[in-house]
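Have a look at the structure below, then the notes.
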Amino acid sequence: MTPVFLVAAALAVAGALGVILSRQPVHSVLALVLNFLGLAALYISMDAEFLGVVQLIIYAGAIMVLFLFVIGLLTARKDPVEREAGEPLPLQRPLSIAAAGTLALLLGGSLLVARFGGRPGVPTGFGTVKEFGRHLLVTHVLPFELTAFVLMVAVVGVIVLVGRKQA
Amino acid sequence: MPIDLSSVNPNLLIILPPGVLAVFALVVLVLDLYSQEKRWLAGLSLVGVLLSLVALWFASRPGAVPPGDYFGRMVTADHFTFYMVAVLLVAAGLVILFSMDWVPRRLPKVQVEYYELVLFATLGMMFMAASRDVTLIYLGLELSSQASYILAGLLRNDPRSNEAALKYFLNGALASAVLLFGLSILYGLTGTTYLPEMLVALGQAPLPLLVTAMVFVIAGFGFKVAAAPFHLWAPDAYEGAPTPVSGFFSMAPKAAAWAAVLRVFLEGLSIPQVMDKWSVLYAVLSASSMLIGNLTALWQTNVKRMMAYSSVSHAGYILVGVAAAARAPEVGAGAVLFYLLSYILTNAGIWAALVALENQGEGTEMADFRGLAQRNPALAWSLLLLFVSLIGIPPTVGFFGKFFLFRAGVQAGYVWLAVLMAINSAISVGYYYAVVRNMFFEKTEKPRLELGSSLQAVVALSVLAVLVVGLGSSPVIQYAEAALGLLGR
């Protein structure tokens, strides 16, 4: 229980609560950014530096901007998308309670296994930038390059199927 | 600090065939932007495929590349790789050749994209066949599938093409997810994606989870090869997709999927506890594919759709070999590999005839074949020979393909399956004969059907190969059976 952990965990929980408690979608998104910041700090404090940096750059950076764009575009219209408060979807509460219960059970179980199960931990260097880079560019260099082709085909497909070029 | 690169084990020769193809695909992609005249780019794509074949010939000479795994154990140099990559390149070359007249007519604005996508799909399939690591097999599958989805929807203003692309995409994405789920359970059980290591580690894995993973993998691949009951997307996708694309679907992606099936099951899942289980499952899939494919094909009036059901039944025949490979690996896998080649060589000519009809502005209904013997006798007789090969009558390559599958089935103790295959071959005469009857015994007023030089070349190559590979099948089947001997078993 390092101070870093406490502060980061508190940030993450506060952000998560903010996501579900705020009335304005924009506020939810900003709270989610806070949550991601806390998570990134947690990852880095556990030596998973690569995961932490990716969390910041991709989630807090790129994906949140996408969210903000979507919300900006949706709410730019006249009719509000906000649903009346106090009118939950049918079965919303029982289902969410059941889901939360299952998740809590799973988390508690894995905590017990991690603490007392005697399973081997992750190998040393796991999650560091160097280890990740070694896997990506040494052992998996061909799959990595092939991924580039997969993305390229997707780009060609988008241009062909929805671009201005009429077939 | 320098990085330790010794585990990479690079070898430029083994990567040269896909490398050449990738370079040509990219060059064609870029030249598309700068050239007004597009037709020569089709020729350039074909040159890429041929050069890739030449590179493969260099790599496959004995001693050129020592058998083993390269690039971090991602690419395997063995007879299996060389054989399958050659088959896939031949299929891609034939597809490009029979599309050359069709594409400028029907897809004037996206001509070059068509060839790029065929090349990219072939690239993915080459890696599917060449790898013993499920990471690369899956990525290759994904590359070829994505290119295929787009190819199916190239006719943007034709709702049936849109429907074909959407159905193919949704079913294919689901199949990929199912397959990936099964593979990830296997990874979780063994901690490795490299099939030979997976085989060693599977001995300690709990059997129920292992069987679950196996069923998911079978279902995922079952979708990709359109084996009944996972075939429902195939008829709509084949009928709606542009005709040369349907021909491509029936030849190349399936062959690559079969290669992956053989790799995964014979190298990764061949421990005795599960071998019998997947063997029986594949035997059941085989029986249902043969029966459903053949019986449904009897009622079709559209030849593209009929060929889709025909390909389902042929998946059933191939499954006889896969099921047999569990008990007699060399014979079973050799028969499958030989059948893939024979199916591709035969199908190329038939799809070329369908493309020829569309080139003259006609459809691909059964009625469009009326009086073909009058309109182009050479084509009609060629088609007759190719259908004879699909049915499996000597002296064509189809007969030898079925013979090897039959022999594998009997050797593995699946006599009932082998007999069912013979019965189904007899049933299939019914729907192929419907086309033949229309060609030879119906009269028509329509003018002569001209093929054009590239289509003539495909039909001639197809007929020639059906006879030559059929009568000279012994070196091919020997190579195919030896392919498995080198898989590292």
Side-chain angles (χ1 to χ4, degrees), chain A residues 47-51 53-54 58 102-103 105-107 109-114 117-167, chain B residues 1 3-8 10 15 18 22 25-26 29 32 70-75 106-114 116-117 119-121 123-124 127 130-131 133 135-140 142-151 153-158 161-162 165 169 193-194 242:
Chain A
D47 289 336
E49 13 175 302
F50 184 78
L51 209 53
V53 172
V54 163
I58 295 182
T102 318
L103 198 62
L105 273 179
L106 279 175
L107 276 177
S110 56
L111 202 67
L112 286 178
V113 169
R119 291 284 180 89
V122 291
T124 49
F126 183 85
T128 57
V129 178
K130 186 182 168 196
E131 191 63 12
F132 189 82
R134 202 180 65 78
H135 273 291
L136 200 60
L137 293 173
V138 176
T139 40
H140 289 77
V141 61
L142 268 185
F144 179 65
E145 293 299 327
L146 206 62
T147 324
F149 280 95
V150 174
L151 293 177
M152 167 105 94
V153 164
V155 170
V156 171
V158 167
I159 291 171
V160 169
L161 294 182
V162 293
R164 241 178 302 157
K165 272 186 162 184
Q166 279 288 331
Chain B
M1 191 166 58
I3 302 172
D4 176 24
L5 291 175
S6 60
S7 64
V8 177
I15 207 75
L26 295 176
L29 187 94
D32 179 22
Y70 297 93
F71 289 97
R73 299 192 306 196
M74 288 292 164
V75 177
R106 296 293 178 98
L107 299 168
K109 295 279 176 56
V110 290
Q111 290 183 40
V112 186
E113 281 85 349
Y114 174 90
E116 285 158 17
L117 290 168
L119 291 183
F120 280 131
L123 183 70
F127 280 115
S131 183
D133 192 296
T135 322
L136 199 56
I137 290 178
Y138 179 76
L139 268 174
E142 213 41 31
L143 179 57
S144 78
S145 305
Q146 287 202 9
S148 302
Y149 306 147
I150 301 161
L151 280 170
L154 275 184
L155 290 167
R156 268 173 62 183
N157 297 327
D158 180 356
S161 176
N162 301 347
F169 170 65
T193 54
Y194 178 60

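Bear in mind that the values here come from a model prediction, so they are computed numbers and not experimental data. Only heavy atoms go into these numbers, but all of them, side chains included; no hydrogens, no water, no symmetry mates.
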So what's closer than 4.5 Å to chain A heavy atoms on [X]: side chain, backbone, both or neither?
X	value
B:Leu151	neither
B:Phe127	side chain
B:Leu117	side chain
B:Glu116	side chain

* Quick one: list whatever passes ring-ring contact (aromatic ring centres under 6.0 Å, His included) with B:Tyr138, sequence neighbours left out. =>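 Checked B:Tyr138 against ring-ring contact (aromatic ring centres under 6.0 Å, His included); zero matches.
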Identify each donor-acceptor pair in which a side-chain atom of residues 144-160 of chain A lies under 3.5 Å from a protein atom, sequence neighbours left out, and give them as a table.
unit_1	atom_1	unit_2	atom_2	d
A:Thr147	OG1	A:Pro143	O	2.6
A:Thr147	OG1	A:Phe144	O	3.3

* Within a radius of less than 6.0 Å around OH of B:Tyr194, do more than 12 heavy atoms belonging to other residues, nucleotides or ligands occur? ->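 Counting neighbours around OH of B:Tyr194, more than 12 heavy atoms of other residues, nucleotides or ligands fall under 6.0 Å, so yes.
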* To do: Count the heavy atoms belonging to other residues, nucleotides or ligands that lie under 6.0 Å from CG of A:Asp47, then report whether that count exceeds 12.
  =>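 Check fails, neighbour count at 12 or below.
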* **side-chain contact (heavy atoms from CB on, under 4.5 Å) between A:Leu142 and B:Ile15, worked out** => CA-CA 10 Å; A:Leu142 268 185; B:Ile15 207 75; 3.7 Å; yes
* Go through B:Asn162, B:Leu123, B:Asp133, B:Val75 and name the one with the most non-hydrogen pairs under 4.5 angstrom from chain A. =>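 Of the candidates given, the most pairs with chain A belong to B:Leu123.
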